[in-house]
Amino acid sequence: MSLLRLFTSKAPAVSSALRSNITHQQKHLVRRPFSIAPALWHGKEGVAKGDGPYTVNFIMPDGEKISVKAVEGDTMLDLAQRYDIDLECACEGSLACSTCHVILEPEYFDKMEEPSDEENDMLDLAFGLTETSRLGCQIEMNEELDGLTVRLPSATRNMRVDGSKPVHH
Amino acid sequence: MLRSSIRAYSSATSRPFRLAVIGSGPAGFYTSHRLLKEVTNVKIDVYDSLPVPHGLVRFGVAPDHPEVKNVMTTFDKVAEDDRFRFLGNVTIGSSLKSSKNISVQELKKHYDAILFSYGASEDRHLGIPNENVYGVESARAFVAWYNGLPQFENLKLPLDQTDTAVVIGQGNVALDVARVLLSPIDTLRKTDITEYALEALSKSKIRHVHVVGRRGPLQAAFTSKELREQMNLPNVAYKADKDWIKSEIDAAQPFLSKRRPLKRMMGILEKGSAITSADRSWSLEFLRSPTEILTDTNQTKVRGIRYELNRLEGPSPLETKAVGTGELEDRECGLVLRSIGYKSLPMDGVPFDARQGRVPNSYGKILDSEGQEVPGMYTAGWLKRGPTGVIVSTMTDAYETADTIAQDIKESRAMLNDNDDSDKKGADGLEDIFKSRDIRPVSYADWKRIEAAEFAAGEKLGKPREKFVKVEDMLAVLQ
């Protein structure tokens with residue numbers, strides 16, 4: 001499966017060397033004239049692309065399938081960051097939004113523990129909520145979930161199933 | 001309208017597509033974020049009338065919800081893109097006539113398209129007698145006050161003159177203000193709430209807050225997370241007509257069984273709070289429409305509020321109207337906060353639907369009064385869909401507009417300045433106007449210096465930041 005994006009037009013990625021595990025409150029201690037804001041959540045240190053015994057498949061809104069390797073405890077957000085996958089993460093994993101909403105296959109959904117009240121509160125606001133929806137930041141990889149496929153729901157109303165757009169009159 | 005030639009910026013070797021964005025809140029940033037991914041040869045200039053960006057993320061999100069503000073990290077990343085430029089302290093076409101503003105007309109000639117994402121800066125009024133007396137305010141103004149929106153510092157509120165506040169409206173903003181009024185001061189002290197608000201709240205005598213809606217529990221506009229938080233406020237009792245609420249929920253079971261979010265929220269409501277008596281309390285009151293503000297004998301300040309009781313009419317909980325019964329009820333109180341929704345202001349040169357209070361559009365492309373698409377004019381956020389929803393709703397909305405813009409670029413659809421295919425200069429084309437009108441744009445790097453100063457000031461007080469609340473103080477950092 002190709003790890004390359006279908007769109008080649010992308011914003012330049014922020015150097016991961018500038019990311020560090022600084023909390024929001026401590027951000028100001030990093031003195032830079034133009035602060036390259038360190039991500040509050042940055043994923044796992046010391047894990048490289050291709051590491052890991054497990055496989056996770058992402059199905060993007062346009063149908064593209066991306067298969068990646070994952071290690072124990074990797075969340076979908078960790079993977080999205082490591083492999084540059086377009087999974088939004090507005091609140092950085094703090095259960096304050098639903099942008100990392102993904103849809104699972106029933107067999108895998110059933111293997112997971114029930115979502116917490118806090119996760120369910122956020123799922124309730126997700127666009128295109130299904131019976132097997134979870135927040136990507138709360139799915140942690142383990143042996144049982146090996147081979148997991150997560151589908152990203154289409155974020156926009158005006159994208160048709162075949163990816164074409166409605167004609168403007 | 002088809003063009004015989006492919007537009008110059010459609011190919012990567014030619015001039016970039018120039019977009020101006022009016023308003024640097026989530027709508028402006030998320031549209032930019034998406035568009036920068038979808039189109040390579042684009043340059044985006046985002047304007048804000050304030051020197052500081054981020055709109056309601058800075059001025060609307062409650063101080064005790066810092067994790068919601070994590071979106072600013074995404075916005076910082078967008079701002080790092082070479083193709084993105086922030087111009088704060090620049091007001092585009094406002095209804096306030098000022099020689100320092102730049103009109104939409106003046107902006108147009110330097111861009112291929114403009115995105116209007118300036119939100120909703122007014123609030124709806126009840127339209128009842130005595131609504132303007134001291135002690136009756138909009139929740140929007142109260143939020144602006146504690147969040148440090150410039151020009152709200154001097155808002156006068158009778159917090160130390162009464163123990164009872166009434167909030168009209170049952171959305172998330174209503175719960176935010178109720179929670180801020182009832183939170184222990186030590187909790188607020190550790191947030192980025194403004195220092196002057198902290199001081200006023202530490203002297204507040206308010207102990208009871210009533211959150212009042214026109215209709216019933218099934219029509220309440222707040223969402224589960226906020227309601228759950230309210231029910232869990234430490235040392236605050238929850239009061240309501242719990243039997244009646246339960247009967248309403250029971251009666252709606254068939255309807256609820258198919259609607260998970262509403263069903264879960266009704267579950268939280270039914271469960272209530274473990275605390276039924278305490279020094280502080282909040283209550284939910286339903287089926288009440290304010291008819292009049294009751295004042296002291298001089299009619300200078302509020303002493304109470306009069307409601308008409310309603311009943312509900314309609315085929316289902318989603319299609320229910322409040323109908324007055326004629327029965328009246330009075331409630332004594334010293335503070336009334338009106339939280340019944342926001343309203344956008346029209347801008348000269350931009351079509352506006354006054355009845356709905358938003359800009360008519362199709363998937364974000366602005367429509368004129370005949371429903372025809374206006375070339376090169378787009379909208380996103382509250383101005384586009386109305387002032388409802390959380391940040392992720394605006395994100396989805398913004399992505400839709402960005403997709404529309406990207407598609408229009410790809411299909412070489414008509415834009416601004418169709419007769420002139422020359423290079424557009426964007427903000428650089430406005431340099432002369434900036435100089436002659438003494439407008440000093442604030443860049444994103446400038447904003448980061450202002451923010452660093454806010455962090456430093458906050459550190460001294462044990463807070464994440466201490467916001468500058470005056471524009472001149474923000475600009476003074478840049479001297």
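Reminder, nothing fancy here: chain letters follow the sequence lines and each chain counts from 1. These numbers come from the heavy atoms of this one structure, side chains and all, not from hydrogens, waters or symmetry mates.
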Check your understanding: Can you say whether A:L129 sits under 4.5 Å from chain B via the side chain, the backbone, both, or neither, judging by heavy atoms?
Key -> side chain
Practice item. Go through the structure and list residues passing side chain to side chain contact (heavy atoms under 4.5 Å, CB included) with A:E114, not counting sequence neighbours. Key: none
Review point. At what distance, to the nearest 0.5 angstrom, does CZ of B:R260 lie from CD of A:E131?
Key: 9.0 Å
Point to revise | Atom group of B:H33 that falls short of 4.5 Å from chain A, counting heavy atoms | key: side chain
Practice item. Check whether any side-chain N or O of B:R264 sits under 3.5 Å from a backbone N or O of A:N120 as a donor-acceptor pair, and report yes or no. Key: yes
Exercise for review: Have a look at A:D121 and tell me which of B:I268, B:L227, B:T223 forms a side chain to side chain contact (heavy atoms under 4.5 Å, CB included) with it.
Suggested key: B:I268
Exercise for review: Of all the heavy-atom pairs spanning A:C91 and B:N70, show the shortest one and how long it is.
Suggested key: O-ND2, 2.9 Å
Point to revise | side-chain hydrogen bond (donor to acceptor under 3.5 Å, both in side chains) between A:E88 and B:Y30, intermediate numbers included | key: CA-CA 11 Å; A:E88 286 293 341; B:Y30 274 126; 5.2 Å; no
Exercise for review: State the CG-NZ distance between A:D117 and B:K225, to the nearest 0.5 angstrom.
Suggested key: 13.0 Å
Check your understanding: Atom CG of A:D124 and atom NZ of B:K263: how far apart are they, to the nearest 0.5 Å?
Key -> 12.0 Å
Point to revise | B:V390 portion near chain A, given a 4.5 angstrom heavy-atom threshold | key: side chain
Check your understanding: Quick check: are there more than 12 heavy atoms from other residues, nucleotides or ligands sitting under 6.0 Å from CZ of B:R85?
Key -> yes
**Study point:** Where B:T74 and A:C89 come nearest, the two heavy atoms and their spacing
**Key:** OG1-O, 4.4 Å
